[in-house]
Structure formats: structure tokens, C-alpha cells
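Working notes, structure below.
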Amino acid sequence: MGGMKVKWLRGYIDCSVGSGRWERFMNLCRHHDIKLWNVRSEQKRVTFCMYAKDYRMLKKFVGKTSVVPHIRRKKGLPFVCGHAMRDWTFTFGFILFFVVLRVLSMFVWQINYYGQREYTQETIRKEVTAMGVYTGMLRSHLDCDSIERNLRECYDNMSWVSAEEKGCVLNIKMKEGTAEKKAEAGDTKPCHLVAPCRGTVQSIVTKEGTPKVKKGSKVKKGDVLIRGIVEIRDDSDTVVKKNGVHAAGEVTIVTEKKYEDRINIRHMNKNKTGKDVDVYTVQCGGTRFSIKNPLKWFDNSSSYDIISSICVDEEFIPLQASLKVTRRRYVNYEPQEAEYTEQEAEELLRRKLAARVMTYEEKGYEVMDQTFQMTREQDEFVSRGNVVMKVSDMKQKEVSEKQLMLTKSGKEEERDGTGADHT
């Protein structure tokens with residue numbers, strides 16, 4: 001393998017001869033230190049390989065041996081360079097492509113943000129830009145550790161930040177810890193654990209406080225599940241002190257909610273005409289102008305839906321310039337009265353049910369089962385049903401000072417000890 005690399009670097013040719021005194025030709029080549037290899041006989045012709053620089057020495061052998069070598073192929077670096085010099089435009093373009101590619105790979109061309117909730121992407125971008133990190137900067141000036149450290153220092157509720165460079169893309173991932181910090185701050189405040197809705201207690205495990213319900217108990221919204229008061233009694237079972245604690249535990253409530261949705265059978269349908277108009281708004285710095293097709297005009301008697309989308313939104317920090325291109329598509333339609341079919345009405349009502357279920361899930365409910373039934377009542381389609389859900393996120397209610405006071409008759413204790421807290 002090493003020998004072939006050396007031969008390719010020096011350059012060699014593949015020759016063939018048909019007639020002549022081949023044996024004398026071989027002896028003359030060996031006498032003049034001309035190396036031949038891959039000598040083969042093919043259909044009354046002999047083929048061989050030799051270095052390109054030795055080919056010119058064969059001229060003086062032709063008259064002595066009547067052997068005329070014909071070149072079949074040229075291989076090696078010298079021939080490649082010669083071909084590149086003859087076709088210099090292609091060679092220059094090929095080299096220029098890799099040079100430009102190498103230069104472009106030295107810059108950061110995209111910055112992505114993931115995980116932000118409380119702060120908008122624009123707010124995080126401004127803070128990162130203030131650190132000297134922007135689209136178009138040199139990758140050699142990028143310090144990911146510094147970005148992570150500065151973001152954590154700028155935002156107290158940022159529990160985790162990761163800046164990762166992948167090629168010409170910088171990915172900044174973050175996790176906010178606002179909810180956890182608020183929970184930690186309020187852990188020491190005395191409070192009751194109350195039910196967020198009505199339902200049946202499926203399970204209850206008390207970690208701190210006094211449980212007021214059992215598994216299978218029916219509760220209403222606001223009922224105390226775990227009381228945030230711990231009573232201290234003496235030998236005669238008399239309450240001598242009440243300590244307020246932060247009630248904590250794992251409670252699961254199964255609740256069932258009924259729903260009803262209605263839609264009118266008649267509705268206005270939008271029939272698209274295909275006469276849409278696109279308007280592009282270009283904003284460069286303080287200059288702003290719009291571009292549209294002059295052959296397409298707006299019909300003031302028609303109705304349009306406007307769909308906006310941002311095509312380009314870039315800031316060029318070194319040039320102190322920005323470019324934003326927004327496209328507004330005016331979709332032309334003609335309103336026409338129509339009626340829902342049963343299939344269309346059912347699909348629409350099921351979408352409404354799915355949106356309702358999604359709202360419950362966003363509140364922390366776990367949907368276990370749901371029923372759906374659609375009927376037609378006069379000029380309306382009506383859907384009714386039930387949604388069975390499991391709730392694990394309980395609410396808290398502050399323990400008042402009055403509840404911690406001792407009473408002689410114990411009536412306050414009796415009223416506060418019930419399952420429901422109606423104060």
C-alpha cells in the first residue's frame with residue numbers, strides 16, 4: 001500500500017505494446033534502471049506500468065527494438081495538477097468553496113433558547129446580547145461557562161442553565177425554579193390542606209398535621225382534608241395547647257364534572273375564492289416600507305382573513321442594524337350560510353370536549369374517563385356527558401389566630417374539627 005502511494009505521488013503511466021523485440025526492450029530498460037511493473041500479456045499485446053519521467057527515455061529504444069509503447073492511462077499527482085492548471089477556473093472555484101466554508105464556520109449563525117416560561121425569549125436575548133454574545137460573532141470568542149454563570153446571576157429564579165455549542169449553532173437551555181422557591185418560602189407558615197373540588201377521597205397519606213377525612217369520604221370544595229393544627233393534651237385528655245403547622249400530605253380525590261355544549265345548526269361558511277393578496281413589510285432600522293404585487297388589488301366589497309407570519313428577524317450587532325420581514329396574507333372569501341351535518345357537528349363538539357379536557361389537565365387534573373352523547377334539539381346540536389378525573393394537587397388555607405386559641409367549653413374545637421371548614 002505504501003509503494004502504491006509513492007508511485008501515485010511520483011506519477012506513472014499505463015502502456016501497451018503490440019509487436020517488436022520485447023525481450024531486448026526489457027533488457028535495455030533494466031540496464032538503464034527503468035522500472036517496469038504489472039507486466040501482463042493480453043491478446044498478443046503486452047501491458048506494463050512505468051514512471052512518467054522515464055517515458056521520454058524510451059525514444060532511443062524504439063529504433064533498436066521496434067517496440068513503440070502506447071499510453072493507455074495517466075495516473076498520479078503530477079497529472080492531476082496538470083489538469084487542474086489547464087482548467088484553472090474550476091480549480092479556483094473548488095478551492096474558493098472550501099475557503100468560504102471554512103471562514104463561515106468560524107462564526108455563530110444561530111442562537112436558540114429553550115425552557116423559558118416567566119421571561120420572554122426577547123428578554124433573554126437582550127441579556128445575552130449585553131454579554132457580547134450575538135449572531136455573527138466569532139466562535140473563538142464564545143465562552144459557554146460565562147454565559148451560564150451570568151444568566152444565573154441575572155435571574156434569581158433560574159435554577160439551571162446550559163449553554164451548548166453545536167457547530168455554528170448556540171443552544172441555551174434553562175429551567176426556572178419560581179414555583180419551588182415559593183413553596184419553600186411558605187413551608188413554615190401554618191395552613192390547612194383543603195379540597196380544590198368536590199369528590200371522593202381515593203387515598204390520603206398525612207405527613208404533617210391532623211387528618212380530618214378517610215379513604216372513601218365525600219368532600220366538598222373547601223373542606224379541610226389535613227388540619228394544620230396539632231393539639232397537645234394532658235393526662236386528663238384536655239387540650240392544653242394548639243400548635244400551628246404547615247399541613248402536608250398526599251391526597252387523591254376522584255371527582256366527576258358534568259358538561260354541556262351547544263352549537264347552532266346554521267352557521268356562516270367561508271368559501272375561499274383564491275384571490276389572495278400577499279403584502280410584505282420590510283423594516284430595516286428606522287426605515288419601513290411595504291411590497292405587494294401591483295397586479296393584485298383589494299376588493300373593498302369582499303371579506304378577508306389576515307394571516308401574519310415573520311419571514312426574517314435578525315440583528316446584525318457588528319453593523320448596529322436589524323432586518324425584519326413580515327408577510328401578511330389577505331385570504332379572500334365569500335360568506336355563505338350553511339348547516340352542519342351530524343358528522344360535522346359531532347366532530348366540532350368533540351373538539352370542544354378535547355379543549356375542555358386539556359384545560360382540566362393544565363390545572364393538574366388527571367382525566368380517567370369521559371362520556372359523550374350528542375342530540376339534536378330544534379335548531380341546535382347539544383352534547384352532554386361526564387368527565388371523571390383524579391386530582392392530586394390540593395389547595396392551602398391559612399390557619400387563623402382564632403383557631404389556635406384555647407376555649408373553655410371546647411365549642412370552637414368541635415366546630416373546627418368537622419370535615420368542612422365553613423369559616
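In this structure, the side chain to side chain contact (heavy atoms under 4.5 Å, CB included) partners of E127, at least two apart in sequence or on a different chain, are M131, L151, C154, Y155. In this structure, the side chain to side chain donor-acceptor pair (under 3.5 Å) partners of E256, at least two apart in sequence or on a different chain, are N386. Considering only residues two or more places apart in sequence or on other chains, K74 meets the salt bridge (Lys or Arg N to Asp or Glu O under 4.0 Å) condition with none of them. For D14, the salt bridge (Lys or Arg N to Asp or Glu O under 4.0 Å) test picks out R72, R73, with sequence neighbours left out. Residues that satisfy the salt bridge (Lys or Arg N to Asp or Glu O under 4.0 Å) test with E380, not counting sequence neighbours, are R262. Taking T375 as the reference, E377, V382, R384 meet the side chain to side chain contact (heavy atoms under 4.5 Å, CB included) condition, with sequence neighbours excluded. Under the side chain to side chain donor-acceptor pair (under 3.5 Å) criterion, T326 pairs with no residue, sequence neighbours left out. Not counting sequence neighbours, the partners of P196 by the side chain to side chain contact (heavy atoms under 4.5 Å, CB included) test are I253, V391, M394, K395. A search for salt bridge (Lys or Arg N to Asp or Glu O under 4.0 Å) contacts involving R351 returns E347, not counting sequence neighbours. For K214, the side chain to side chain contact (heavy atoms under 4.5 Å, CB included) partners at least two apart in sequence or on another chain are S217.
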Side chain to side chain contact (heavy atoms under 4.5 Å, CB included), that's the test. Do I147 and V133 meet it? Break it down for me. CA-CA 8 Å; I147 296 173; V133 179; 3.8 Å; yes
With side chain to side chain contact (heavy atoms under 4.5 Å, CB included) as the test, would you mind laying out the steps for V388 and V254 before giving the verdict? CA-CA 7 Å; V388 181; V254 176; 3.9 Å; yes
Begin from the C-alpha positions of E165 and R139 and carry the test salt bridge (Lys or Arg N to Asp or Glu O under 4.0 Å) through to its verdict. CA-CA 9 Å; E165 178 187 359; R139 292 173 55 192; 2.7 Å; yes
Can you check side chain to side chain donor-acceptor pair (under 3.5 Å) on S159 and K175, steps first, answer last? CA-CA 6 Å; S159 61; K175 185 179 292 185; over 6 Å; no
So K258 and E260, salt bridge (Lys or Arg N to Asp or Glu O under 4.0 Å) or not? Walk me through it. CA-CA 7 Å; K258 296 182 179 180; E260 179 178 322; over 6 Å; no
Going through the distances and angles, do Q110 and T135 end up as a side chain to side chain contact (heavy atoms under 4.5 Å, CB included)? CA-CA 6 Å; Q110 186 175 351; T135 303; over 6 Å; no
Side chain to side chain contact (heavy atoms under 4.5 Å, CB included) evaluation trace for L349 with F372: CA-CA 9 Å; L349 289 172; F372 177 88; 4.0 Å; yes
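Proximity of N269 to E337: side-chain heavy atoms (C-beta onward) are nowhere separated by under 4.5 Å. Proximity of K397 to C191: side-chain heavy atoms (C-beta onward) are nowhere separated by under 4.5 Å. Between F48 and V17, the closest side-chain pair of non-hydrogen atoms falls below 4.5 Å. At least one side-chain heavy atom of V282 sits under 4.5 Å from a side-chain heavy atom of L323. Side chains of V325 and I310 form no contact here, defined as non-hydrogen atoms less than 4.5 Å apart.
The main-chain N or O of K189 is found under 3.5 Å from a side-chain atom of H246 such that the two form a donor-acceptor pair. A donor-acceptor distance shorter than 3.5 angstrom exists from the side chain of H192 to the backbone of G228, with no hydrogens or angles considered. At distances below 3.5 Å, not a single donor-acceptor pair connects side-chain atoms of S146 with backbone N or O atoms of D143. With hydrogens and angles disregarded, no donor-acceptor distance shorter than 3.5 Å links the side chain of T252 to the backbone of Q202. In terms of modelled atom types and a separation under 3.5 Å, the side chain of D223 and the main chain of V219 share no donor-acceptor contact. A donor-acceptor pair under 3.5 Å is formed between the side chain of T210 and the backbone N or O of I229.
Note: F98 and F94 have perpendicular aromatic rings, judged against thresholds of 30 and 60 degrees for the angle between ring planes.
A distance of 4.5 Å separates OH in Y304 from CG in N332, rounded to the nearest 0.5 Å. Atom CD of E122 sits about 8.0 Å away from atom OG1 of T129, to the nearest 0.5 Å. From Y134, atom OH reaches atom CG of L170 across 13.5 Å, with rounding to the nearest 0.5 Å. Atom CZ of R102 and atom CZ of F97 lie 14.0 Å apart (nearest 0.5 Å). Between W160 atom CH2 and M174 atom CE the span is 9.5 Å, to the nearest 0.5 Å. The distance from atom OG of S383 to atom CG of L353, rounded to the nearest 0.5 Å, is 7.0 Å.
Between F381 and Y340, a ring centre-to-centre spacing not shorter than 6.0 Å is recorded.
Residues in residues 270-293 take part in these salt bridge (Lys or Arg N to Asp or Glu O under 4.0 Å) pairs, two or more places apart or across chains: K270-D305, D278-R329. Residue pairs meeting the side chain to side chain donor-acceptor pair (under 3.5 Å) criterion with at least one member in residues 352-365, sequence neighbours excluded, are D261-R356.
More than 12 heavy-atom neighbours from other residues, nucleotides or ligands sit within 6.0 angstrom of CD on E153. Residue N264 qualifies as enclosed at atom CG: its count of foreign heavy atoms under 6.0 Å is above 12. Other residues, nucleotides and ligands contribute only 12 or fewer heavy atoms inside 6.0 Å of the CZ atom of R198.
Summarising the geometry of G209 relative to V245, their closest heavy-atom pair is CA-CG2, 3.9 Å, with the distance given to 0.1 Å. Taking both residues in full, the closest heavy atoms of C311 and R327 are given as SG-CB, 3.8 Å, listed atom of the first, atom of the second, then distance. Between M389 and V387, the closest heavy-atom pair is CG-CG1, 3.6 Å. Listed here is the closest heavy atom pair of G249 and I226: CA-CD1, 3.9 Å. When all heavy atoms of E398 and Q403 are compared, the closest pair comes out as O-OE1, 4.5 Å. Nearest heavy-atom pair across P335 and S303 is CD-OG, 4.3 Å.
Checked by atom type, the side-chain pair R10/Y12 shows no donor-acceptor distance below 3.5 Å. No hydrogens or angles considered: nothing links the side chains of H267 and E339 as a donor-acceptor pair under 3.5 Å.
A cation-pi arrangement is found for K7 relative to W37, the charged atom lying closer than 6.0 Å to the ring centre and inside a 45° cone about the ring normal.
Checking Q396, K207, E208 one by one against L193, the side-chain contact (heavy atoms from CB on, under 4.5 Å) holds for a single residue, Q396.
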